[in-house]
Amino acid sequence: MVPGARLVVLGKQGAGKGTQCVRLSHHYVVPHVSTGDMLRSAVKEGTPLGRKAKVHMDRGELLGDDLIMEMVAERLNESDVRARGFILDGCPRTVEQAKALAEILAPVDLDLVVDIEVPTAEVLQRLAARRVCVDCGANYSTMKPPMVNWTCDVCGGEVVQREDDTEAAISLRLELYERQTAPLIEWYRARGQLEAVDGSGDPDEVTQRMVAAVESRRDRHGGGPW
Ligand code: AMP
């Protein structure tokens, strides 16, 4: 049987995090838990959380730690996650969130935090070209569009540029990332939980590098809790 996994994936917006998380979730057969996707679906459904989130998301600002961690705690308590683990995408974004996450997960901690490293210039190019399906969140780009007229290959939804993928919002998100999220990398590194993986080049190769990082960690730590 394929072992599960409890992973956090970090990386600047546009580092390929979403794509790699989907691949890892298939590889380890665990749910892909994306806070961005959860919030976008709350916005679409017009829930109270969604209405609160939309203003911040459109500006590229982070939402409050308490609000996010309450949503994440609820998801991580569901039976599919408890049975096999998760690939957590988009959270934690701050050291406060990382501390709250460790409390939610106790007594079993994360297997590993994988940081996908891509130079900022490459990320800016990728984000300007990024397009997503409004219904299922599948990722495309102007270089790799869906097969038929901006209609999602997976679900038939409309494929568009995200409202927060404007140049101003992208710059703000990258600046926020440097200021708020980069210290997280140091925090996890100091705890010995971090592996950096080169995120440039072919997505298949990046996936292989990530799986190799997870497996080598398991080998060194005697297979973890799985
Ligand atoms: P993402 O798809 O991960 O880029 O998230 C889209 C937007 O959702 C972000 O720009 C934030 O406004 C919000 N968001 C997602 N995850 C978090 C988080 N962990 N903490 C705060 N805000 C978040």
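First listed ligand is number 1; within each ligand, the first listed atom is number 1.
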For V118, does its backbone N or O pair with a side-chain atom of E122 as donor and acceptor, under 3.5 Å? no

Is any side-chain heavy atom of L176 less than 4.5 Å from a side-chain heavy atom of R93? no

I'd like to know if the side chain of T207 and the backbone of P203 have a donor-acceptor N/O pair within less than 3.5 Å. yes

Ranked by distance from atom 23 (C) of ligand 1, the top protein heavy atom is I68 CD1, 3.8 Å

Please name all residues satisfying side-chain contact (heavy atoms from CB on, under 4.5 Å) with D202, sequence neighbours left out, ordered by chain then number. D204, E205

Salt bridge (charged side-chain N to carboxylate O under 4.0 Å, His left out) between R191 and D109, intermediate numbers included: CA-CA 11 Å; R191 291 164 61 101; D109 211 343; 3.5 Å; yes

When you measure from the heavy atoms of R162 to every atom of ligand 1, does any distance fall below 4.0 Å? yes

Only heavy atoms of C91, strictly under 4.0 Å: list the atoms of ligand 1 that pass. 19 (N)

Which pairs with one or both residues in residues 67-81 pass side chain to side chain donor-acceptor pair (under 3.5 Å), sequence neighbours excluded? R75-E78, R75-D80, N77-R82

Do any nitrogen or oxygen atoms of L63 come within less than 3.5 Å of a nitrogen or oxygen of ligand 1? yes

For atom 6 (C) of ligand 1, which protein heavy atom lies nearest, and how many Å away is it? R40 NH1, 3.6 Å

Residue, atom name and distance, where the atom is the protein heavy atom closest to atom 20 (N) of ligand 1: Q97 NE2, 3.0 Å

Is G90 in polar range of ligand 1, meaning some N or O pair under 3.5 Å apart? yes

Quick one: do R179 and E175 make a salt bridge, cutoff under 4.0 Å? yes

Can you tell me the protein heavy atom closest to atom 13 (C) of ligand 1 and the distance? L39 CD1, 3.6 Å

Which heavy-atom pair separates G157 from D135 by the least distance, and what is that distance? CA-OD2, 3.3 Å

Can you check whether T35 has an N/O within less than 3.5 Å of an N/O in ligand 1? yes

Is the closest heavy-atom distance from R59 to ligand 1 below 4.0 Å? no

Minimum-distance protein heavy atom relative to atom 11 (C) of ligand 1: E61 O, 3.4 Å

Ranking R93, H56, Q13, R173 by closest non-hydrogen atom to atom 5 (O) of ligand 1, top hit is R93

